[in-house]
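Every chain is numbered from 1 and lettered A, B, ... according to where its sequence line falls, protein lines coming before strand lines. Every value quoted in this text rests on a predicted model; they were computed, and no experiment measured them.
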2 protein chains.
Amino acid sequence: MPGTSPTPRARASMADVGRLAEVSAQTVSRYFSGRGYVSDATRARIEAAVAELDFRPNLNARSLRSGRSHTIGVLAVGPINYGTAEILSGLTSRAQATSYAMAIAQLDLDMADPASRAQIRRALDGLLSATVDGVVVMTPYLGLEDLLEGRLESVPAVTVSGRPRQEQDSVTVDSHAAGVLGTRHLVDLGHTRILHLAGPTDRNEANDREQGYREVLAEAGLEPLPLVRGDWSAASGHVAAMAVAPGTFTAVAAGNDQMALGFLAGMRERGLGCPRDFSIVGVDDMPDARYFAPALSTVEMDFARLGRVAIDMLRQRIDSGEHVPRTRLEPRLVVRDSTAPPG
Amino acid sequence: MPGTSPTPRARASMADVGRLAEVSAQTVSRYFSGRGYVSDATRARIEAAVAELDFRPNLNARSLRSGRSHTIGVLAVGPINYGTAEILSGLTSRAQATSYAMAIAQLDLDMADPASRAQIRRALDGLLSATVDGVVVMTPYLGLEDLLEGRLESVPAVTVSGRPRQEQDSVTVDSHAAGVLGTRHLVDLGHTRILHLAGPTDRNEANDREQGYREVLAEAGLEPLPLVRGDWSAASGHVAAMAVAPGTFTAVAAGNDQMALGFLAGMRERGLGCPRDFSIVGVDDMPDARYFAPALSTVEMDFARLGRVAIDMLRQRIDSGEHVPRTRLEPRLVVRDSTAPPG
DNA sequence: GCAACGTAGGTTAACGATAACCCATGGCGC
DNA sequence: GCGCCATGGGTTATCGTTAACCTACGTTGC
């Protein structure tokens, strides 16, 4: 078949489609936008032309002219660990379902390095240059408020897992409540010497969970033990297990499941079994936690839902132009085999 | 201070910057692109105007005019599990480092549903409409070749973890080699009755790993045992452990670490210990694997590097206009405590 | 009988940036 | 003295789409 588009040439435009369908480009635009009247006969001709030319509308031109891009930007600071991956999953699925496109800037950087702040700023500028309709900001780190504050006024934004005091345009799975639930479970079982294996100091969620732990102990009239700190990783939980003095505690409230996993491994190496010699409770309820040895009692955090809610809130923020109230998702205690009464 | 921009108004354009700096918009464009001559004095005036107006170039307009968007699209089919998250991490970090923007379409759908194919097509169309300079396609599923083939000619594309027979524009961590390494390790230890806990039938990587397993057994003159199949999840590994007949095998080559975790848990429930009663080797070497009970012998897959290489290849493909040869990253055996000689 | 409205579609201009082209000036080689 | 190139910068047209406005015809209500 000679003559069948040897090289597909450049992309077809609405004008090309219009020429083939014998209408104006504007009518093609109307066909795609649904605004305005297009007769069935014209509609059919346009559809044929679109198929023939393999036409796809140019979103750059559309955004430029209309001022809206139907794109949501995501700024993620920090590594893609279990929680982040779940949130991302929720974000993309909800965005896809509401036919929003997603532009993502993820940067995993050393927050101690002062250059990091400049990098975050650049990444955000990049998203804004792409004229996103709104931004989802995932910055679990403390002290980034001022960095973002001046920047985020020009575009609708929703903060995920952000600082606790932000009362608008933010959504989080309540980490304070998670700390409370886990620790209270240990107290209810009768434990009195409860250790907290905390996450990194500069992470909001780590501090919230620690705060929950402290409050429950205070309520129960118990003395908190010296804090042991990790970095969310199983490796750091393992290090912690090697460092603690056995006999000084009967239970551990871990900042997340992975540190609990490492801690369990470390104690096992030292000949100490769970829940015989100590109890431990995690936070996250990652799918693997049920299959740890022993099955881990933990606090479920629905991060995927967090992501979906973030998109919903952002869309509402974009459509209404008004700020949306803070949303706080409630975690849930999941009791398995790693917790038992002391002794 | 009256007069200090009451409402930031609309975004400033290069024409606005030019007006303030008393040059033409074209000179402002030259300043940003670095093409053409701009004197130091003019440069300084432009910089001042940019700062004053909080100007950010409009990438939509730039892409529309120049035909290049400096954006890479990522199409990810399937859930964001450990491997996907790592790849994503590699992709974003490399893209960020080379100042490419990233548009992502991830969809986790039921491949049995025929509507899924239409959804994938729509997602890809969405990326192409956004005029990305190139696409990274992550489709671990079999049978998507035809779907993508007609679509991916109009734009540079690199396939990640794709079908084994694609000899160009593709990068993968060799899953066949992973199957070989894990199984050979078990054979070398003296095991003769080796079970394969495979991943889902419709996943390329699952089949490659199974193939590696089969080849090693054939080489060693051993008979493969009936296949047990999971879905990559720890839960499915647990189910498998409950289903197998103990005594029929002395070692397990698991398709990934998470299924190995579930399998270990299931066997533990049945009173069978590792490596006393059986050996098991995984694939992935996720950071947690070292802290399983026992520490898991596994095959390391550097998925983050895979992501970085994918970006490098795609950039080369975009810049040169020529296809790039397939890249295959080599996995590495990591021996820990879950494997020992039989008996 | 005609105003008002629904239907169907065309024309023009503009979104913000850059490609292509043009015009100056000054210095240098020969 | 003249051609040529480096430097510094302006003008114009255009990328593909849509907002705003306009035309024209047919129906309906009163």
On the nucleotide D:dT7, are OP1 or OP2 found under 4.0 Å from the side-chain N or O atoms that B:Tyr37 carries?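 Yes, B:Tyr37 has a side-chain N/O under 4.0 Å of OP1/OP2 on D:dT7.
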Under 4.0 Å between a side-chain N/O of A:Thr27 and OP1 or OP2 of C:dA8, yes or no?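 No.
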Using atom [atom1] of [X] as one end and atom [atom2] of [N] as the other, report the distance to the nearest whole Å.
X       : N      : atom1 : atom2 : value
A:Leu64 : C:dT18 : CG    : C1'   : 12 Å
B:Arg19 : D:dG10 : CZ    : P     : 13 Å
B:Phe32 : C:dG16 : CZ    : C1'   : 13 Å
B:Ile46 : D:dG10 : CD1   : P     : 9 Å
A:Asn60 : C:dC15 : CG    : C1'   : 12 Å
B:His70 : C:dA17 : NE2   : P     : 17 Å
A:Arg35 : D:dT17 : CZ    : P     : 15 Å
B:Arg62 : C:dC15 : CZ    : C1'   : 16 Å

Where each residue is assigned the nucleotide of DNA chain C containing its nearest heavy atom, which of B:Leu59 and B:Arg30 is assigned the position nearer the 5′ end?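 Closest to the 5' end, via its nearest nucleotide, is B:Leu59.
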Hydrogens and angles aside, do A:Ser170 and A:Arg326 bring a side-chain donor and acceptor to less than 3.5 Å of each other?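 The criterion, which ignores hydrogens and geometry beyond distance, is satisfied for A:Arg326 and A:Ser170.
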Go through the steps for A:Asp16 and A:Arg19 under the test salt bridge (Lys or Arg N to Asp or Glu O under 4.0 Å), then give the verdict. CA-CA 5 Å; A:Asp16 298 328; A:Arg19 249 185 306 277; 2.6 Å; yes
Which listed nucleotide (D:dT18, C:dG16, C:dG10) is nearest to the side chain of A:Ser29?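 Selected nucleotide: D:dT18.
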Between D:dG16, D:dG8, C:dA17, which nucleotide has the shortest distance from any of its atoms to the side chain of B:Met14?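 Looking only at side-chain atoms, B:Met14 lies closest to C:dA17.
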Using a heavy-atom distance cut-off of less than 4.0 Å, which residues of residues 47-58 of chain A contact DNA chain D?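 Residues of residues 47-58 of chain A under 4.0 Å from DNA chain D: A:Phe55, A:Pro57, A:Asn58.
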If you take atom types as modelled and just measure distance, does the side chain of A:Arg65 reach the base of D:dT17 with a donor-acceptor pair under 3.5 Å?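 No, no donor-acceptor pair under 3.5 Å.
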For the side chain of B:Gln26 and the base of C:dA19, is some donor closer than 3.5 Å to an acceptor across the two?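 Per atom types, the contact qualifies.
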Point-to-point distance, once rounded to the nearest 0.5 Å, from CG of B:Leu314 to CD1 of B:Ile72: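 If we round to the nearest 0.5 Å, B:Leu314:CG and B:Ile72:CD1 are 4.5 Å apart.
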Got a second to check how far A:Glu22's CD is from A:Thr27's OG1, nearest 0.5 Å?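 The OG1 atom of A:Thr27 is 12.5 Å from CD of A:Glu22, to the nearest 0.5 Å.
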Under 4.0 angstrom, heavy atoms only, what part of the nucleic acid is [X] near: base, sugar-phosphate, or nothing?
X       : value
A:Ser13 : sugar-phosphate
A:Ser33 : nothing
A:Val38 : sugar-phosphate
B:Val23 : sugar-phosphate

Please determine which of A:Glu47, A:Gln26, A:Arg43, A:Arg45 meets the side-chain hydrogen bond (donor to acceptor under 3.5 Å, both in side chains) test together with A:Tyr31.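 Filter result, single survivor: A:Glu47.
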Whichever of B:Ser39 and A:Ser66 has its nearest DNA chain D nucleotide further upstream toward 5':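 Between the two, 5'-proximity favours B:Ser39.
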I need the minimum non-hydrogen distance between B:Pro57 and A:Ser129, along with the two atoms involved.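 That closest heavy-atom pairing would be O-OG, 3.2 Å.
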Does B:Arg56 use its side chain to pair, donor to acceptor, with the backbone of A:Ala130 at less than 3.5 Å?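 Absent.
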Sort out for me which residue in A:Thr84, A:Val309, A:Ile87, A:Leu75 forms a side-chain contact (heavy atoms from CB on, under 4.5 Å) with A:Val160.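 With A:Val160 as partner, A:Thr84, A:Val309, A:Ile87, A:Leu75 yield a single side-chain contact (heavy atoms from CB on, under 4.5 Å), made by A:Ile87.
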